[in-house]
Amino acid sequence: QVHVAESGGGLVQPGGSLRLSCAASGNIFSINTMGWYRQTPGKQRELVATLTGGGSTNYADSVKGRFTISRGNAKNTVYLQMNSLKPEDTAVYYCNAFGVRTPAQISNTYWGQGTQVTVSS
């Protein structure tokens, strides 16, 4: 069974920083893309940043220049460094593993349970 887990959320002041961590575990052959999404009540989940296996990154315009997605030294891990946080960044942040190949699955997508990020003074 593939499991995705994220952590690092919390309460921060505007202008502060947080680093979120995500790890995908299980009998994984490869992952096409890992990324971060966020969601607030009443809104659809939106893309924040993605990182492909080849190292290509993509960011939402709203976070470009403030957030950085990167791969950890451990396989199937990814981080989201969030700087200059704004109240509008408040949301539940979800880690996503797209195109996961395992012995039992040709390709599938997995989501973490989410971690709450609150930016408030």
Between L47 and V92, is there a shared hydrophobic cluster once you connect ILVMFWY residues whose side-chain heavy atoms come closer than 4.5 Å? yes

Just by distance, do the side chain of R71 and the backbone of G53 share a donor-acceptor pair under 3.5 Å? yes

Spell out, as yes or no, whether a donor-acceptor pair under 3.5 Å connects the side chain of E46 to the backbone of R38. no

To check you understand the geometry: which heavy-atom pair defines the closest contact between Y59 and T68, and what is its length? OH-CA, 3.4 Å

Less than 4.0 angstrom from a charged side-chain N to a carboxylate O is my criterion; do D61 and K64 meet it? yes

CG (N108) and CZ (R101) are apart, to the nearest 0.5 Å, by 13.0 Å

Is there a side-chain contact between T90 and T40 (heavy atoms, below 4.5 Å)? no

To check you understand the geometry: which heavy-atom pair defines the closest contact between S107 and G99, and what is its length? OG-CA, 3.4 Å

Please determine if R45 forms a cation-pi arrangement with Y94, meaning its NZ or CZ atom is less than 6.0 Å from the six-membered ring centre and no more than 45° off the ring axis. yes

Show every donor-acceptor pair shorter than 3.5 Å between a side-chain atom in residues 17-25 and any protein atom, with sequence neighbours excluded, or say none if there are none.
from : atom 1 : to  : atom 2 : distance (Å)
S17  : OG     : N83 : OD1    : 2.9
S25  : OG     : H3  : O      : 3.4

Path from W36 to V12 over hydrophobic side-chain contacts below 4.5 Å: yes

Just list the side-chain donor-acceptor pairs under 3.5 Å for residues 109-121, sequence neighbours left out, or say none.
from : atom 1 : to   : atom 2 : distance (Å)
Y110 : OH     : Q105 : OE1    : 2.2
Y110 : OH     : Q105 : NE2    : 2.6
T115 : OG1    : G9   : N      : 3.1
Q116 : NE2    : A91  : O      : 3.4
Q116 : NE2    : T118 : OG1    : 3.3

Point-to-point distance, once rounded to the nearest 0.5 Å, from OG1 of T33 to CG of N58: 10.0 Å

Nearest 0.5 angstrom please: Q81 CD to I69 CD1, how far? 12.0 Å

ILVMFWY cluster membership beyond F98 - transitive side-chain contacts under 4.5 angstrom: none

When hydrophobic residues are tied together by side-chain contacts of less than 4.5 Å, even through go-betweens, does V4 share a cluster with Y79? no

For the student: nearest non-hydrogen atoms of S70 and L51, plus distance: C-CD2, 3.8 Å

Would you check if the side chain of Y93 reaches a backbone N or O of V48 as a donor-acceptor pair within less than 3.5 Å? no

Is there a side-chain contact (heavy atoms from CB on, under 4.5 Å) between V100 and I28? Walk through the geometry before answering. CA-CA 7 Å; V100 180; I28 300 171; 3.9 Å; yes

